[in-house]
2 protein chains.
Amino acid sequence: MASVESETVSETTGRGTPAGRSTTTGRGTTTGRRTTGRRERLRAETTAEIKKVALELMASGGPDAITLRAIAREMGMTANAIYGYFATRDDLVTALVHDVYTALADAVDAAWEATSGQGPADRIRAWAHAFRDWSLANREGFRLIYGDPVPGYRAPEGGAAPEAARRVCTGLAGLADAAWPQAAHLYADSEFDWPDFDAGLLDKVRPAFPDLPPAAVALALRIWGHLHGLVSLEVYGHLRTQTVSPDKLFREELAAQLRSLGLASGR
Amino acid sequence: MASVESETVSETTGRGTPAGRSTTTGRGTTTGRRTTGRRERLRAETTAEIKKVALELMASGGPDAITLRAIAREMGMTANAIYGYFATRDDLVTALVHDVYTALADAVDAAWEATSGQGPADRIRAWAHAFRDWSLANREGFRLIYGDPVPGYRAPEGGAAPEAARRVCTGLAGLADAAWPQAAHLYADSEFDWPDFDAGLLDKVRPAFPDLPPAAVALALRIWGHLHGLVSLEVYGHLRTQTVSPDKLFREELAAQLRSLGLASGR
DNA sequence: TGCAGAAACTATACGCCGTGAAGTTTGCAC
DNA sequence: GTGCAAACTTCACGGCGTATAGTTTCTGCA
């Protein structure tokens, strides 16, 4: 189920000086412990609590419920106090997107690792089900990551989301890698070449899977699209107004996908 | 390009009596024209203008920019005046969702009709490209329909969206119908049965395509998922941080889809 | 033709929201 | 023990949806 916990910091400082930078590391007088660390520890704890409360609010009221004032209320603070930790509401949301996306990536990676001894079909099935299961168990998190997170939010250039997305895509490249021996011949006519992909993605994918051609990375992105589409329609409630068996649909999708990859649909 | 124009009414009345119901049709004194119609005409025009302004605001500032106050400002009115036409902001948004979704359905239907003489592969390609082209040309509309439209919006039970979605799904059933002669044998082991689908959907699909089995409807929904996923990732900017060629990806997706449907990929 | 009444609209107000500016407390470092 | 910065509060602004009440304008009928 991979609950969402946070460790990223990405903080800002109070007005005035650029702080969080208690330059000297003075020693405590009597305890022998670095007294310097205390404030920083409190700061880290408060930062973590802000994010924790924000995620709780999100879980119960959707991404829209993430408001500085509500968080502050919950923590017994003033809304403005949060500005000591995040320069702006969007910065907070960006940090949350990072944490939540990381939790998703952890969940699918774990499913992949857990099936390391099995065949490609079973591993791909496990990955895909982990993706869907996480998304349905964390619908609000899914909407935070992939939808319009919060009223006026605009993601920063190149921020947390693309980074985490690349991690997920690297996992998908692993699926393509596993399927490639059987599937390669189907994509011989792919027009993709390395320059078609983002450099940041290739930096992760090519070292991990040195033998994989561009066509396989394109395949990974297409699989991402398939899974994302079905899950997204389900999370946003568009699918349940058409069928009462979205899970059956997902399973048939997987079967068809595996078949079209040339993998025995076994099981 | 199928611009979004509106004709739905879905209005409410001012406080007090349930109006919009000028019961008697009195005749004008001198002109011979029914004077009764005047107010209703003005009313319809104002309703249309509200929606038009709302769509303009959405096009320029995203769904978030749809605020009663902004619309009123644009129209030289007070925000509260809008309550004479829509009981609530969500009602307005619901009307907009209906109009925009209808525009999307019109666009894909038109592409389908325009290729009525051609083979299934070409028709499916045309439909899919119309879907993507409309979505990219109306990104904000796509987000309005498929995302979280506006801060606190919750779609009404069974409202405009499922209805329009069913129309799109019926179009998709047309694709499945076109492909079915070649593709049927691939889905012989489908576990879908009629009760798995929403009755409202079947009411539209089964009369239109009497020979289509449940498996084909499931196929239609899966194709919807494929296309929606890729386009959704693209509209929300998740794809462009991984590849610079989302269009190439979409074309390869279509080629693979057609191949997996047993349709010659011929172009 | 005049008038009751309804429809359309405005004014005011409330409680939310993000955020800026300025003031106050607290605790660490010297 | 004193100075300074970090942490926090208070006050303020403008924007939001919307409820209530008041005002204008048009219409249908006597």
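Throughout, a chain's letter reflects where its sequence line sits, starting with A, and its residues are numbered from 1. Note that the structure is a prediction, hence the values are computed from the model and not measured.
- The aromatic rings of A:Tyr236 and A:His238 sit parallel, their planes meeting at an angle under 30°, below the 60° perpendicular limit.
- In this structure, the nucleotide among C:dG18, C:dT10, D:dC16 sitting nearest to the side chain of B:Thr78 is C:dT10.
- Counting to the nearest Å, the C1' atom of C:dT19 and the CG atom of A:Asp91 are 13 Å from each other.
- We find that CZ of A:Arg89 is positioned 17 Å from P of D:dG15, with the value rounded to whole Å.
- A:Arg69 places its CZ atom 9 Å from the C1' atom of C:dT19, with the value rounded to the nearest Å.
- Between the OH atom of A:Tyr83 and the P atom of D:dT9 there is a distance of 14 Å, given to the nearest Å.
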Apply ring pair (Phe, Tyr, Trp, His ring centres under 6.0 Å) to A:Phe250 and A:His129, showing your working.
CA-CA 9 Å; A:Phe250 192 76; A:His129 276 118; 5.6 Å; yes
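- Taking atom CG on A:Asn80 and atom P on C:dA22, their separation rounds to 14 Å, with Å as the unit.
- Between the OH atom of A:Tyr85 and the P atom of C:dT19 there is a distance of 18 Å, given to the nearest Å.
- Taking atom CD1 of B:Ile71 as the reference point, atom P of D:dT18 lies 11 Å away to the nearest angstrom.
- For the pair A:Arg43 and D:dA6, the criterion of a side-chain N or O lying under 4.0 Å from OP1 or OP2 is not met.
- Remark: B:Thr88 is in phosphate contact with D:dT18, judged by side-chain N or O atoms under 4.0 Å from OP1 or OP2.
- Taking the side chain as every heavy atom from C-beta outward, A:Asp109 and A:Arg167 approach each other to under 4.5 Å.
- In this structure, the nucleotide among D:dC8, D:dC16, C:dC17 sitting nearest to the side chain of A:Arg73 is C:dC17.
- Judged by the 6.0 Å and 45° rule, B:Arg43 forms a cation-pi pair with B:Tyr85.
- Atom CE of B:Met75 and atom P of C:dA8 are 13 Å apart (whole Å).
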